[in-house]
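Reading through the structure tokens given below for one structure.
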Amino acid sequence: DVKVTQSSRYLVKRTGEKVFLECVQDMDHENMFWYRQDPGLGLRLIYFSYDVKMKEKGDIPEGYSVSREKKERFSLILESASTNQTSMYLCASSLGGGASPYEQYFGPGTRLTVT
Amino acid sequence: GQNIDQPTEMTATEGAIVQINCTYQTSGFNGLFWYQQHAGEAPTFLSYNVLDGLEEKGRFSSFLSRSKGYSYLLLKELQMKDSASYLCASTTNTNAGKSTFGDGTTLTVKP
């Protein structure tokens, strides 16, 4: 069965802390994604990776960075957490490499609160 | 761009049929996904349309008109468990891996 896991379901951090959100997929997918989901704003793409060590900015990359050292793992880093980064963070993965897109498989999400 | 528009909320009765519409910008359009998201859970894939027409999958069907930049998700024989948010997402020719999501339509099914 397809599985995307995220390191924490709930996380509380203080303003200015460096925060790591980890995502692991066991499907050998090429593509991995980080989104944040906020009420009224939908699902917004932060960063996208289509291969190991490859990354591409999404729609809202400011204040975030990512790391993909291994195919199965994609990390989201908040360099200096701020209260406006309080949100639900969702990781996803999909097959890649073709002209046609593939459906994304989502992890359970991490609800991050920055105080 | 790939601006996506869908209604914010809809309400329907158990056993009925509901149609959730989605419009998108056609420039560079490749295909369109529908996902279902129950409250507090992750989105799950429902359907994908790349050609014009209707794709049927049990109680759920999805329709696409490429020339009109329009899609809809049709849910038949509604059940209480269909209460969820339904997300429309489009992809482009320039980067088939990425999707741009709409804000979602929250469907409430009432007895």
Side-chain angles (χ1 to χ4, degrees), chain A residues 1-6 8-10 23 25 27 29-51 54-61 66 68 74 88-111, chain B residues 1-9 20 22-25 28-51 55 57 60 62 64 66 71 73 84-107:
Chain A
D1 201 15
V2 159
K3 205 160 186 182
V4 180
T5 57
Q6 295 183 226
S8 308
R9 288 302 302 271
Y10 300 93
C23 175
Q25 51 96 1
M27 297 162 283
H29 282 171
E30 289 81 9
N31 295 337
M32 295 188 76
F33 309 83
W34 274 107
Y35 296 92
R36 62 178 284 178
Q37 188 172 34
D38 302 286
L41 295 176
L43 214 57
R44 293 180 291 167
L45 182 65
I46 304 171
Y47 266 99
F48 162 51
S49 170
Y50 50 91
D51 201 351
M54 306 304 287
K55 62 186 179 185
E56 194 174 300
K57 292 181 181 178
D59 300 316
I60 51 164
V66 289
R68 192 158 179 212
F74 192 35
M88 171 66 84
Y89 289 87
L90 287 163
C91 174
S93 73
S94 74
L95 285 170
S100 296
Y102 295 93
E103 68 267 28
Q104 294 181 26
Y105 293 86
F106 286 83
T110 296
R111 185 164 293 283
Chain B
Q2 290 287 305
N3 290 339
I4 310 273
D5 287 314
Q6 48 181 133
T8 304
E9 294 179 334
I20 302 174
C22 171
T23 59
Y24 59 88
Q25 292 194 3
F29 175 77
N30 186 341
L32 193 117
F33 287 97
W34 284 95
Y35 290 84
Q36 180 190 57
Q37 185 177 23
H38 285 102
E41 297 182 13
T44 54
F45 168 75
L46 285 177
S47 67
Y48 175 63
N49 293 70
V50 63
L51 300 175
E55 298 265 349
K57 258 190 198 180
F60 292 9
S62 56
L64 181 69
R66 297 180 68 95
S71 173
L73 182 69
S85 183
Y86 291 87
L87 308 174
C88 169
S90 69
T91 63
T92 65
N93 292 322
T94 53
N95 194 332
K98 291 198 306 185
S99 293
T100 298
F101 284 81
D103 292 349
T105 299
T106 300
L107 173 66

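In what follows, every chain begins at residue 1, and chains take the letters A, B, ... in the order their sequences are listed.
Among A/R111, A/M88, A/E103, A/Q37, the residue making the largest number of heavy-atom pairs under 4.5 Å with chain B is A/E103. For the set A/S94, A/G40, A/G42, the entry with the most heavy-atom pairs within less than 4.5 Å of chain B is A/G42.
Within the 4.5 angstrom heavy-atom criterion, only backbone atoms of A/L41 (N, CA, C, O) approach chain B. Using a 4.5 Å cut-off between heavy atoms, A/Q104 contacts chain B through both its backbone and its side chain.
The distance from atom OH of B/Y35 to atom CZ of A/F106, rounded to the nearest 0.5 Å, is 5.5 Å. One distance of note links CZ of B/F45 with OH of A/Y105; it measures 7.5 Å at 0.5 Å rounding.
Nearest heavy-atom pair, A/P108 versus B/A42, reported as atom, atom and distance to 0.1 Å: CA-CB, 4.3 Å.
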